[in-house]
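The structure under discussion appears below in the form of structure tokens.
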Amino acid sequence: MNESLRPLNELSQDEARGELLKCCGSSEWANRLAARSPFESAEQLFEAANRIWWSLDSKDWMEAFRSHPKIGERKAAQPGPVKAQSW
């Protein structure tokens, strides 16, 4: 197993979901990706994240987009996690 993935792989599914939501505001994406843990490699993680993203419907995409500010704005319509806000 890739050592850099150990912190993510050692989380419970709920904890992993919370961490993944910091990257993407789609609950469905985070739920599905957390359910696939543990990941053997970064490539496996990225492939799963990409496959899940493209399998989502527009409702899930809009949820993710609302968690980020619009271009030119400082705050998202739907506030994301504190960590994501600092990015």
Side-chain angles (χ1 to χ4, degrees):
M1 176 190 342
N2 183 323
E3 284 301 310
S4 65
L5 293 175
R6 185 177 299 283
L8 177 62
N9 285 335
E10 289 180 346
L11 296 174
S12 70
Q13 190 168 337
D14 285 340
E15 292 169 328
R17 178 186 180 278
E19 290 301 308
L20 293 166
L21 280 169
K22 293 176 184 178
C23 300
C24 175
S26 167
S27 327
E28 186 64 22
W29 178 86
N31 286 336
R32 290 187 198 178
L33 193 54
R36 294 197 180 186
S37 185
F39 300 99
E40 291 295 321
S41 66
E43 292 78 19
Q44 183 186 39
L45 169 61
F46 298 148
E47 182 180 314
N50 189 50
R51 191 173 323 112
I52 292 166
W53 174 256
W54 290 111
S55 73
L56 298 176
D57 62 31
S58 61
K59 172 185 68 72
D60 300 311
W61 289 347
M62 294 308 296
E63 179 186 21
F65 297 152
R66 280 191 303 273
S67 72
H68 297 281
K70 291 181 182 177
I71 294 173
E73 293 182 352
R74 293 190 156 267
K75 294 186 179 184
Q78 174 182 317
V82 174
K83 179 68 173 177
Q85 290 175 22
S86 72
W87 292 338

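Note that the numbering runs from 1 along the sequence shown for the chain. What you are looking at is a predicted structure, and each value in this text was computed from that prediction instead of being measured.
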To the nearest 0.5 angstrom, please state how far the OG atom of Ser58 sits from the CZ atom of Phe65.
10.0 Å
Could you list all the salt bridge (charged side-chain N to carboxylate O under 4.0 Å, His left out) pairs where at least one residue sits in residues 42-57, not counting sequence neighbours?
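Qualifying pairs: Glu47-Arg51.
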Smallest separation among heavy atoms of Leu33 and Ala49, with atom names:
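The answer is CD1-N, 3.7 Å.
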Ser67 side-chain N/O to Ala64 backbone N/O, donor-acceptor pair under 3.5 Å:
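Yes; judged by distance alone, with no hydrogens or angles, the pair exists.
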My understanding is that only residues two or more places apart in sequence, or in another chain, count here; which of them pass side chain to side chain donor-acceptor pair (under 3.5 Å) with [X]?
X: Asn50; answer: Trp54
X: Ser12; answer: Glu15
X: Arg17; answer: Asn31

Side chains of [X] and [Y], heavy atoms from C-beta outward: is any pair under 4.5 Å?
X: Ser26; Y: Leu56; answer: yes
X: Leu5; Y: Gln44; answer: no
X: Leu20; Y: Trp29; answer: yes
X: Asn2; Y: Leu45; answer: no

Residue pair Glu3, Arg6: steps toward the salt bridge (Lys or Arg N to Asp or Glu O under 4.0 Å) verdict
CA-CA 5 Å; Glu3 284 301 310; Arg6 185 177 299 283; 2.6 Å; yes
May I ask you to decide whether Lys22 forms a salt bridge with Glu19, counting only side-chain N to carboxylate O separations under 4.0 Å?
yes
Should Lys59 and Met62 be marked as a side chain to side chain contact (heavy atoms under 4.5 Å, CB included) after you check the CA-CA gap, both sets of side-chain angles, and the distance that decides it?
CA-CA 5 Å; Lys59 172 185 68 72; Met62 294 308 296; 6.0 Å; no
Could you list the residues that satisfy side-chain contact (heavy atoms from CB on, under 4.5 Å) with Ala35, not counting sequence neighbours?
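Only Gln13 meet the side-chain contact (heavy atoms from CB on, under 4.5 Å) criterion with Ala35.
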